[in-house]
Undergrad: 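Dropping the structure in here first, questions after.
Side-chain atoms are counted along with the backbone in the values below, which use heavy atoms only and exclude waters and symmetry mates. Throughout, a chain's letter reflects where its sequence line sits, starting with A, and its residues are numbered from 1.
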Amino acid sequence: MSAYNPAELEAKWQEAWEAAEVYRTPPPSGAPDRYVLEMLPYPSGRIHMGHVRVYTLGDVLARYSRACGYSVLHPMGWDGFGLPAENAAMEHGIHPAKWTWSNIDTMRAQLRSMGLSYDWDCEVATCSPVYMREQQRLFLKMLDAGLIYRAEAWANWDPVEHTVLANEQVIDGRGWRSGALVERRLLPQWFFRITRYAGELLDALDHLPRWPERVKTMQRNWIGRSEGARLRFQVLGGNEEIEVFTTRPDTIFGATFLALSPDHPLSSTCADTNPTVAAFIQECTRDPGRRNREAAGPAGKTGVDTGLRVQHPFLERSLRVFVADYVLMEYGTGAIFAVPAHDQRDLDFARAHELDVVPVVDPPPDVEHPGPDEAYVGDGTLKNSEFLDGLDVAAAKQAVIDRLGEHGERSIQYRIHDWCASRQRYWGCPVPVVFCQDCGVVPVPEADLPVTLPDDVKFDRPGNPLERHAAWKTVECPACGSVAERETQTLDTFVDSAWYYYRYISAHADQPLDREAVARWCPTFQYVGGIEHAILHLLYARFFTRALRDIGELPFDEPFDGLYCQGMVCHRTYREPEDGTWLYPEEVEASGNGGFRRRSDGVPVVAGRVEKMSKSRRNVVDPVDIIATYGADVARLFMLSDSPPERDLEWTTSGVEGAARYLQRIWRAFDELEPGPVGAAQPPRFAPAAHALRQTTHRTIRAVEEDIEAFRHNRAVAHLRTLSNAFLRFDAAAAGTGGAWALREALETFVRLSAPLIPHLAEELWQRLGRDGFICQDAWPEADPDLLAEERATIAVQVNGKLRGTIELALGAGEADTREAALQLPNVIRAIEGAEVRKVIVVPDRVVNVVAR
RNA sequence: GCGGGUGUGGCGGAAUUGGUAGACGCGCCGGAUUCAAAAUCCGGUUCUGGCAACAGAGUGUCGGUUCGAGUCCGACCACCCGCACCA
């Protein structure tokens, strides 16, 4: 007997798998196809526990699916472009390409050590020239189709990263990666026309039953559909019109003024002649922090009168026009009509500027009337509104829209904006166009693709080195041959990740997509990844799929049939007591009585909250160390045990050691137990103990398959442990007839069921059971229905709903027998003594409830 | 403010969807083994009372429906997440 030595055993099986190419994607065979996909990693240089968790989840599904007879595609790749490579270049003088490719090599080896069943033949790195070429081809096709355009736009400028950010990448006014306060700059940018698909992207969410509800909710909110009307107001004494969007056309008679965004074109027109307006606009531009941020009460709303007046569409009255900082250019038309009585923001502004408040909606009688500084936004009955008087809000909206005529029409407004996808960075996919003095924007010809990045760049100062690279930048115009300039902006890395999962299938194609292969595997059966991509990446991928459909590359709409978002991997934080610096877990040990102390000097350590593993808090455990110490199977098993995959998981030493102890015990059990010979015929009869083991075996099959399919891996592990508990205490010799056979069945079944979770150990145990071939290529066992059924039922007996005992009867015992047996329980007799039995409820095979008083 | 989620032993979590609350594990306690320890094995472990049989309480709080509620309904509390001056 040998000891369980994961390092040796895992290396051995990884080599054997590779030599036999067991994870190669099978050619079409008539078997059903399944595409199992996990979000590709950024090649930071080291895998972390979050990777271990996602990739284990995906791998379990891939392996389980193969066992169930599916042809499985399970690829992996690298999100190769991105800022950390440039930061590394600045800090350490390493070229981003070299840094990235060497990180990819390291991480590939680390992923291999996890025993993941990838077909590396499909591997894709988004920073490879081939990927760039195909992405640039797609870019030009989309540009041609009008799905991409270039426009001067207010951009979110990250002063730390020296680049523009998409709205989605600005969180609380700060860059999502740098955390720097974002500035506003007017720049020419490339946009993807995602708004063209706003309605479709929203409606299609209703047809994604295997997506988490919260992700769909987040996307719905992000797309932000509002129904209402567009209204045009004629400016008095001029020929301009001001167009506004409103969701409350019913309140038009309560409108007391109009307000323009400081960024509204008309605001700048006014500024030309009106110094007050000019000063106000300048103030707003200088301090972007004052906007996009809610400020409560009248003090939070500033603005100035433009002196303009507009005509009310239904009244002889005219309305004043203000420029107000609470009106956002980014939403609707950048102008509003203000109804202070029924909109809190308008009311705040009106109070600050002493403007009229005209209530036009009476709350229903049972609703409390709002205070003087409180706008009423609920339903009610219209008043002071001419032809609307007496209507409710919904009817009034309809009536106003019907009467608008030339003044406006029904309109649907979305919150989502076109996707600003250009970045002023080096390490990204170049936008394949050149600018020519005479010809304007000219696409790079097909034959000249890919536009690659120059190698000879320096990162000695901030900004985009492409702009400073004259030799690279200067080109001949493809159209007229005169001197032109390359676009120096590169694409947001979210463009790369918006379609990589199609490229896996097309990795060797000389065109962006291998349509036949894509049609075979897509949409993806299951996508697994982090919730942090709920909006950005997943929305872009959904958009890209539709865009590709519309340029004729794809025959379907949605990329991912199923989506699963796993929880974070967390760990307790520790701080040094005096100066509060964070301590790594390996610097800390338990000091008994629940406390912790520093390993080096025994000084007590302050134990903080359990938080997501992060380098800044040092509460990280390196998967490479864990795999070296305990093995990949232990790491995988621990990841799957205890916590349901969608919840956060707390990494603990005792937890890993528990998983390691368990695998050791299994290892020993396979040495010590004595199952029957391989391939022996099933005995005609089984002694009771053997029969009971078989029942446990077959019930475990059913339970584990249900658990894996429902992503309840923690339960699958619990059920496997129940099975192993059963065979560990099983004595084949003492069991009698069929004992050895039942034991072999239990052990083989255990190996089959656990193979998706702990693939290396499973192979080894399979071999030691005397079986040939790879378990990872073997079939999932089938549960025998006869063994799933119970023969006897334990029935709870209650008196007035309180449990007083249980009786055991043959399954299917009649109501009368059940009732009689229950009433004979001494405990029941005692409990109903002196009371009158009024009713006895009998649920066969389940429960008896005696109602007595 | 709007939207979504979660709340069960000391801890992670189970509970066939209205029918024995606490599966499985971590931790802890006791025992065996050992000169001793580690490892391993056996037993116990929701709380309170009791040697025990057993009794009482118990799934965030309060109420309701029901023979019976962790599960269904209503109100509330706490925490977490997303969005947020979105007209």
Side-chain angles (χ1 to χ4, degrees), chain A residues 171-172 212-222 224-226 228 244-248 251 259 261 290-296 300-301 324-328 330-339 342-346 348-349 377 413-416 531-532 534-535 590 594 610 638 641-644 646-650 652-659 661-662 664-665 668 703 706 712 714-725 728-729 794-807 826-827 830-831 838-843 845-852:
Chain A
I171 291 145
D172 292 332
E213 207 49 54
R214 59 182 171 151
V215 172
K216 291 192 273 187
T217 304
M218 280 155 92
Q219 293 211 353
R220 282 190 190 104
N221 292 341
W222 187 264
R225 181 181 195 271
S226 303
V244 307
F245 173 76
T246 178
T247 55
R248 293 296 302 274
T251 60
S261 165
R290 68 188 292 164
R291 299 194 289 184
N292 297 321
R293 193 198 303 149
E294 191 169 359
K301 308 269 182 292
D325 64 352
Y326 75 96
V327 182
L328 308 174
E330 300 84 60
Y331 187 76
T333 62
I336 58 160
F337 75 70
V339 185
H342 304 296
D343 184 293
Q344 191 60 50
R345 297 155 300 177
D346 296 345
D348 291 344
F349 189 85
V377 297
Q413 183 65 42
Y414 294 97
R415 203 190 78 106
I416 191 173
I531 187 75
E532 65 273 20
I535 300 173
V610 175
F638 177 65
S641 310
D642 293 353
S643 288
E646 77 270 15
R647 281 203 221 169
D648 289 351
L649 172 128
E650 187 191 347
T652 60
T653 306
S654 56
V656 200
E657 282 171 354
R661 259 202 313 273
Y662 177 63
Q664 308 260 19
R665 187 146 89 232
R668 266 183 281 120
E706 283 174 358
R712 294 183 301 215
N714 56 319
R715 288 206 332 188
V717 172
H719 285 126
L720 281 170
R721 294 186 95 125
T722 307
L723 174 58
S724 60
N725 285 346
L728 280 164
R729 70 173 71 102
T794 307
I795 297 163
V797 182
Q798 307 173 329
V799 174
N800 294 328
K802 252 181 202 148
L803 185 73
R804 293 297 164 186
T806 58
I807 49 176
N827 229 18
R830 205 178 316 133
R838 317 191 92 192
K839 217 197 293 186
V840 179
I841 285 139
V842 179
V843 182
D845 303 332
R846 279 267 161 84
V847 73
V848 176
N849 191 7
V850 182
V851 186

Undergrad: Using the C1' atom in both, what is the distance from B:rG22 to B:rU71, to the nearest Å?
TA: 15 Å

Undergrad: For RNA chain B, report each stem as range with range, ordered by first number, or say none. Use Watson-Crick or G-U wobble pairs under 3.5 Å, at least 3 in a row.
TA: B:1-7 with B:77-83, B:10-12 with B:24-26, B:27-32 with B:40-45, B:46-49 with B:54-57, B:60-64 with B:72-76

Undergrad: How does each nucleotide of nucleotides 49-54 of chain B score, in 5' to 3' order, for protein heavy atoms under 4.0 Å: base (B), sugar-phosphate only (S), or none (-)?
TA: -----S

Undergrad: What closest approach, in Å, do A:Q219 and A:A534 show between heavy atoms, and which atom pair accounts for it?
TA: NE2-O, 2.9 Å

Undergrad: Can you name the closest pair of heavy atoms from A:A796 and A:L803 and give their distance?
TA: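 That would be CB-CD1, 3.7 Å.
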
Undergrad: Using atom P in both nucleotides, what's the gap between B:rC47 and B:rA23 to the nearest angstrom?
TA: 13 Å

Undergrad: Are A:Y662 and A:S724 close enough that a side-chain donor and a side-chain acceptor fall under 3.5 Å?
TA: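 Side-chain D/A pair, A:Y662 to A:S724: present.
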
Undergrad: For a quick check of understanding: with a heavy-atom distance under 4.0 Å over all strands, which category does A:R721 fall into, base, sugar-phosphate or nothing?
TA: sugar-phosphate

Undergrad: For A:R415, check side chain to side chain donor-acceptor pair (under 3.5 Å) against everything at least two apart and list the hits.
TA: none

Undergrad: Contact class for A:R665 vs. all strands (heavy atom < 4.0 Å): base, sugar-phosphate, or nothing?
TA: sugar-phosphate

Undergrad: Please enumerate all residues that pass ring pair (Phe, Tyr, Trp, His ring centres under 6.0 Å) together with A:F245, with sequence neighbours excluded.
TA: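 Residues passing ring pair (Phe, Tyr, Trp, His ring centres under 6.0 Å) with A:F245: none at all.
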
Undergrad: Please report, rounded to the nearest Å, how far the P atom of B:rA69 is from the NZ atom of A:K802.
TA: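 Nearest whole value for this atom pair: 11 Å.
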
Undergrad: Considering residues at least two apart in sequence or located in another chain, which fulfil the salt bridge (charged side-chain N to carboxylate O under 4.0 Å, His left out) criterion with A:E213?
TA: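 In terms of salt bridge (charged side-chain N to carboxylate O under 4.0 Å, His left out), with neighbours along the sequence ignored, A:E213 is linked to A:K216, A:R220.
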
Undergrad: Heavy atoms under 4.0 Å is the rule here; annotate nucleotides 16-21 of chain B 5' to 3' with B where the base is hit, S where only the sugar-phosphate is, and - elsewhere.
TA: B--BB-

Undergrad: A:P644 side chain: which of B:rG13, B:rC41, B:rC24 is closest?
TA: B:rG13

